[in-house]
Amino acid sequence: MIGAFNFEDGGRTYTCTVEQSRTKPPQAWWWFGVTGDGQRYAPFHASSSDTQGSVKTRVIAYYAALLERRAQPAVARHHWARRAPADGAATTTAAPAAAPADVEAAEE
């Protein structure tokens with residue numbers, strides 16, 4: 001398996017490293033960081049067939065897609081609150097049941 005390496009593309013420097021996960025059993029993941037971006041990313045597993053060229057291609061494609069998603073407008077999400085009744089919808093409230101007349105008479 002190849003070790004850590006750096007490369008430049010599009011005015012950015014990418015730093016790629018293989019790190020073991022903390023899970024059982026541990027798995028190797030490719031991590032990368034990009035100049036100007038404070039976040040690190042681990043988008044895919046490392047394999048013995050990886051080459052610098054194949055990792056570089058996947059990292060560039062992943063980061064380009066990420067930047068494209070970030071550039072999209074935010075999706076409006078609905079607030080988790082009670083909905084108001086729809087127009088024309090009847091609101092139902094349970095009325096207390098009337099006591100039978102013979103029960104009232106027996107209590108007197």
Side-chain angles (χ1 to χ4, degrees):
M1 185 174 301
I2 61 173
F5 66 97
N6 298 334
F7 67 91
E8 289 190 25
D9 184 75
R12 296 181 181 97
T13 300
Y14 295 81
T15 303
C16 302
T17 58
V18 175
E19 297 180 26
Q20 296 294 322
S21 66
R22 295 181 183 152
T23 61
K24 300 287 181 199
Q27 298 175 337
W29 287 83
W30 276 108
W31 283 82
F32 75 92
V34 183
T35 55
D37 188 341
Q39 182 70 36
R40 286 185 351 142
Y41 304 95
F44 42 84
H45 289 276
S47 74
S48 59
S49 62
D50 287 337
T51 64
Q52 284 189 9
S54 67
V55 172
K56 178 180 173 180
T57 301
R58 289 189 288 171
V59 165
I60 291 170
Y62 177 86
Y63 197 68
L66 177 69
L67 293 177
E68 187 176 316
R69 283 191 309 271
R70 284 183 183 169
Q72 298 296 317
V75 176
R77 307 236 187 234
H78 297 289
H79 181 62
W80 289 93
R82 268 191 106 137
R83 290 187 180 180
D87 292 340
T91 57
T92 59
T93 56
D102 59 327
V103 173
E104 289 178 6
E107 291 177 355
E108 292 177 2

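Owing to the predicted nature of the structure, the values given are computational and were not obtained by experimental measurement.
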K.L.:
Check the surroundings of atom CZ in Arg70: do more than 12 heavy atoms from other residues, nucleotides or ligands lie under 6.0 Å from it?
P.N.:
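Counting neighbours around CZ of Arg70, more than 12 heavy atoms of other residues, nucleotides or ligands fall under 6.0 Å, so yes.
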
K.L.:
Report yes or no: do Tyr41 and Trp29 belong to one cluster of Ile/Leu/Val/Met/Phe/Trp/Tyr joined by side chain heavy-atom distances under 4.5 Å?
P.N.:
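Different hydrophobic clusters.
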
K.L.:
Using a strict cut-off of less than 4.0 Å between a Lys/Arg side-chain nitrogen and an Asp/Glu carboxylate oxygen, indicate whether Asp50 and Arg58 qualify as a salt bridge.
P.N.:
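Counted as a salt bridge, because a side-chain N and a carboxylate O are separated by less than 4.0 Å.
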
K.L.:
Under 3.5 Å, side chain of Thr35 to main-chain N/O of Thr13, donor-acceptor pair present?
P.N.:
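Between the backbone of Thr13 and the side chain of Thr35 there is a qualifying donor-acceptor contact (under 3.5 Å).
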
K.L.:
Parallel under 30°, tilted from 30 to 60°, perpendicular over 60°: which one fits the rings of Trp30 and Phe5?
P.N.:
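Judged by the thresholds at 30° and 60°, the geometry between Trp30 and Phe5 is perpendicular.
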
K.L.:
Hey, quick one: are Trp31 and Ile60 part of the same hydrophobic cluster, counting side-chain heavy atoms closer than 4.5 Å, chains of contacts allowed?
P.N.:
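In one cluster: no.
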
K.L.:
Hey, is CD on Glu68 packed in by over 12 heavy atoms from elsewhere, all under 6.0 Å?
P.N.:
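Atom CD in Glu68 is not packed in, count stays at 12 or less.
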
K.L.:
When rounded to the nearest 0.5 angstrom, what is the spacing between OG1 in Thr17 and CG in Asn6?
P.N.:
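It is 9.5 Å, given to the nearest 0.5 Å.
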
K.L.:
Can you tell me if Asp9 and Tyr63 form a side-chain donor-acceptor pair at under 3.5 Å?
P.N.:
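Per modelled atom types, Asp9 and Tyr63 side chains form no pair under 3.5 Å.
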
K.L.:
Return the CG to CD distance between Leu66 and Gln39, rounded to the nearest 0.5 Å.
P.N.:
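Output value for this atom pair is 9.0 Å.
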
